[in-house]
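Before any comments, here is the structure.
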Amino acid sequence: MRLSRYFMPILRDDPKEAEIVSHKLMLRAGMIRQEAAGSYSWLPMGYRVLKKIEQIVREEQNRAGAIEVLMPTIQSADLWRKSGRYDAYGKEMLRIKDRGDREMLFGPTNEEMITDIFRQGVQSYKDVPRNLYHIQWKFRDEVRPRFGVMRGREFLMKDAYSFDLTREAGQHSYNKMFVSYLKTFARLGLKAVPMRAETGPIGGDDSHEFLILAETGESEVFFDKGFHDMDWGAFEIDFDNVEDVAKVVKEFTSKYAATSEMHDAADYEKRVPADRRVTGRGIEVGHIFFFGTKYSEPLGCQVQGPDGKMVVLQSGSYGIGVSRLVGGIIEASHDKDGIIWPESVAPFDIGLINLKSGDAEADAACEKLYAGLTAKGKDVLYDDRAQPGGAKFATMDLIGLPWQVIIGPRGLKDGIAEIKNRKTGARENVALDKVVERLTG
RNA sequence: CGGGGCGUAGCGCAGUCUGGUAGCGCACCUGCCUUGGGCGCAGGGGGUCGCGAGUUCGAAUCCCGCCGCCCCGACCA
């Protein structure tokens, strides 16, 4: 993409409504635009990142055996009356009426609907276990939306729902999602520490939330420093192997980690030596629940077992805040100059800077590199605008692409380009005809 | 939902107290210059001052009503 033809409205100053760094940077980098409190348009740069995160989440869900569906954003109130949550959910649920005066709602989550879908589609114990998920926009009429996409009212969430015959099988489904989340967050360049959580309005028996550490997190967290040294996703796992999966879960739940709501100071001090205690702040990016028959019972989600008797299914739900992750990754990865995208989610792989746009030699060198890198499958954002070099560097640092290729008269006279790594700041001079190889080899 | 604050050009702000028909910086446009960290000179465009109703010869400014947004708290993915 040539910057001269793109839509990337960047700002030099911080908009005053933005309080935290990810919100400021997302606005400054032209990723989002606020439409109402807690409601954002995703501009091209932001949308690219959102789609990349969504795709990684999807791939890891598929790898763990979950099956993708898509449910509507608008739901009927009737289903929610059956589960008893129509009243229980309170003002956070956005309620609307259609032309026939029927009560509808903008879905804040989908336990009821998916349970109803699954109930209608299965009759036998042979039809379980299953895990269905979708990645869809949710609406929760938050009392107080804030921090940009971190707490929006409309947000993109991956939510998965597992159905099993027995509690033990349900536990395995829960464990699979637990492990899948570790791998998902690792691919996003994050260490998301699993912490035992309260079940909240979703309800249920077992629950963990995954928090990434960042100064601006909404939750205070207490954990064992040993978490830093663990293997966060490089491990191979066979999701069908019940013992192996359980072993990983055990490993990641054996060390102390808790949010302030669940924090037990006495237990903390007993289990974690003083020099390994870390107190910080965290951002919740995932939350998993095992709730047994809480929804399958009232919604009649049952199958016939091997002995011919009806069995109410055990279920769990598993959420990842996809749009929140965009902000969360920035909170975890930025510096004074701007965003530092992990390569896996960067909106473009490479920023190509032409320091002398309009100069025949510089233009030709850039065009050749742009074509060469693109041909190798790299997404390149080529800054071909007629702007002073300083402005181009500042822009490129702000938007945080992992690699910058800098072409200017100084290097061109020796036939070289400068390559800069955004994260480390390391620069290297590379012969023009070796640049493509260096960045794709 | 309680408390506080703010709405004036794309962004950041001044002007409001004390009424006289809107200004600054950045951004943008044109020309020249420049091209390795937000460059220089000159010229220029853009705003029904959140909305409505009042007071007044005259309202961004005063009065009344409404809307929107932000922050703190309580609440929450």
Side-chain angles (χ1 to χ4, degrees), chain A residues 7-20 23-24 27-28 30 33-39 89-93 107-111 137-159 197-202 207-212 217-219 259 261 282-289 317-325 327-328 336-338 353-359 361-363 383 385-398 404-413 416-418 420 425 427 429:
Chain A
F7 186 76
M8 189 180 82
I10 60 169
L11 298 172
R12 192 160 168 170
D13 299 315
D14 290 331
K16 67 174 173 185
E17 75 266 21
E19 196 70 11
I20 63 170
H23 192 196
K24 287 178 181 171
L27 290 166
R28 284 191 55 209
R33 192 184 93 115
Q34 180 166 358
E35 300 299 348
S39 167
Y89 223 94
K91 297 187 84 168
E92 209 161 279
M93 179 186 282
T109 180
N110 288 65
E111 278 85 6
W137 293 91
K138 304 289 188 287
F139 194 98
R140 294 184 191 175
D141 202 355
E142 291 281 344
V143 196
R144 189 175 161 208
R146 61 183 134 175
F147 302 147
V149 301
M150 303 291 284
R151 179 165 297 284
R153 290 193 295 175
E154 190 169 344
F155 59 99
L156 187 61
M157 178 162 112
K158 184 286 298 181
D159 40 323
E198 286 184 296
T199 48
I202 308 275
S207 178
H208 286 90
E209 49 189 10
F210 290 73
L211 290 101
I212 57 176
E218 290 189 274
S219 323
T259 59
E261 295 85 44
I283 299 165
E284 181 184 347
V285 289
H287 201 157
I288 60 180
F289 303 87
S317 76
Y318 316 90
I320 289 181
V322 176
S323 49
R324 171 181 284 183
L325 273 166
K336 66 174 173 45
D337 296 320
I353 297 177
N354 186 344
L355 285 175
K356 200 171 179 180
S357 291
D359 173 77
E361 194 187 358
D363 288 354
D383 191 348
R385 300 168 306 159
Q387 292 247 329
K392 293 191 173 186
F393 288 126
T395 298
M396 209 51 92
D397 285 347
L398 172 65
Q404 295 173 14
V405 176
I406 301 157
I407 300 295
R410 204 170 77 189
L412 279 178
K413 69 175 164 29
I416 58 168
E418 183 175 272
K420 177 182 153 188
R427 297 154 185 276
N429 290 320

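Predicted model only: the values in this text are computed from it and were never measured. So that the names make sense, note that chain A is the first sequence line, chain B the second, and so on, each numbered from 1.
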Practice problem: Compare side-chain N and O positions of A:Arg33 against OP1 and OP2 of B:G10 and report whether any pair is under 4.0 Å apart. | Solution: no
Practice problem: Scan A:Pro388 against the nucleic acid and name what it touches under 4.0 Å (heavy atoms): base, sugar-phosphate only, or nothing. | Solution: base
Exercise. Output yes if the stacking criterion (under 5.5 Å between centres, under 30° between planes) is met for A:Phe393 over the base of B:G38, else no.
Key: no
Quiz item: B:G5 P sits how many Å from A:Glu19 CD, rounded?
Solution: 17 Å
Quiz item: Do the side chain of A:Asp14 and the base of B:G12 come within less than 3.5 angstrom through a donor-acceptor pair of N or O atoms?
Solution: no
Quiz item: Can you tell me how far P of B:G37 sits from NZ of A:Lys356, to the nearest Å?
Solution: 14 Å
Quiz item: Between A:Phe210 and A:His208, does the ring centre distance come in under 6.0 Å?
Solution: no
Quiz item: Which value, in whole Å, describes the distance between the C1' atoms of nucleotides B:G4 and B:C63?
Solution: 23 Å
Quiz item: Which part of the nucleic acid, if any, lies within reach of A:Lys420 when heavy atoms closer than 4.0 Å are counted: base, sugar-phosphate only, or nothing?
Solution: base
Practice problem: Using a cut-off of strictly less than 4.0 Å, decide whether A:Lys16 has a side-chain nitrogen or oxygen near OP1 or OP2 of B:C70. | Solution: no
Self-check item: Nearest-Å distance once atom P is located in both B:C33 and B:C41
Solution: 16 Å
Quiz item: With sugar-phosphate meaning primed atoms plus P, OP1 and OP2, does A:Lys138 contact a base, only sugar-phosphate, or nothing at under 4.0 Å between heavy atoms?
Solution: nothing
Exercise. Write down the distance separating the C1' atoms in B:G38 and B:C11, rounded off to the nearest Å.
Key: 15 Å
Quiz item: Which part of the nucleic acid, if any, lies within contact of A:Gly408, taking any heavy atom under 4.0 Å across all strands shown: a base, the sugar-phosphate backbone alone, or nothing?
Solution: base
Quiz item: To the nearest angstrom, how far is A:Glu261 atom CD from B:C75 atom C1'?
Solution: 11 Å
Quiz prompt | Length of the line joining A:Leu27:CG and B:C69:C1', which is rounded to integer Å | solution = 13 Å
Exercise. Nearest whole angstrom, please: distance from the C1' of B:C76 to the CD of A:Glu209.
Key: 11 Å
Practice problem: Would you indicate what A:Leu355 reaches in the nucleic acid, counting non-hydrogen atoms under 4.0 angstrom: base, sugar-phosphate, or nothing? | Solution: base
Exercise. Please state how far atom CZ in A:Arg144 lies from atom C1' in B:G5, giving the value in whole angstrom units.
Key: 12 Å
Quiz item: What's the CZ-P distance between A:Phe147 and B:C76, to the nearest Å?
Solution: 16 Å
Exercise. Select base, sugar-phosphate, or nothing to describe what A:Glu142 touches, counting heavy atoms under 4.0 Å on all strands.
Key: base
Practice problem: Tell whether A:Arg28 reaches the base of B:G38 with its side chain through a donor-acceptor pair below 3.5 angstrom. | Solution: yes
Quiz item: B:G15 and B:C6: how far apart are their P atoms, nearest whole angstrom?
Solution: 12 Å
Quiz item: Base, sugar-phosphate alone, or nothing: which one does A:Gly152 contact when heavy atoms must sit under 4.0 Å apart?
Solution: base
Exercise. Would you classify A:Gly411 as touching base, sugar-phosphate or nothing, given that sugar-phosphate means primed atoms plus P, OP1 and OP2, and contacts are heavy atoms under 4.0 Å?
Key: base
Quiz prompt | Nearest non-hydrogen partners of A:Ala417 and A:Ile407, listed with the distance | solution = CB-CD1, 3.4 Å
Quiz item: Under the salt bridge (Lys or Arg N to Asp or Glu O under 4.0 Å) test, which residues partner A:Glu418, sequence neighbours left out?
Solution: A:Arg427
Quiz prompt | Polar side-chain contact A:Glu418-B:G36 base: donor and acceptor under 3.5 Å | solution = yes
Self-check item: Lys/Arg-Asp/Glu bridge criterion (N-O < 4.0 Å) met for A:Glu19, A:Arg146
Solution: no
Quiz item: Atom CD of A:Glu35 to atom P of B:C67: distance rounded to whole Å?
Solution: 21 Å
Quiz item: Has A:Gln387 got a side-chain N or O lying under 4.0 Å from the OP1 or OP2 atom of B:C28?
Solution: yes
Quiz item: Using a cut-off of 4.0 Å on non-hydrogen atoms, how would the nucleic acid contact of A:Ala36 be classed: base, sugar-phosphate, or nothing?
Solution: sugar-phosphate
Practice problem: State whether A:Gln34 places a side-chain N or O below 4.0 Å from either non-bridging phosphate oxygen (OP1 or OP2) of B:C70. | Solution: yes
Practice problem: Assess whether one donor atom and one acceptor atom, taken from the side chain of A:Arg324 and the base of B:A77, lie less than 3.5 Å apart. | Solution: yes
Practice problem: Rounded to whole angstrom, note down the P distance from B:U61 over to B:U16. | Solution: 12 Å
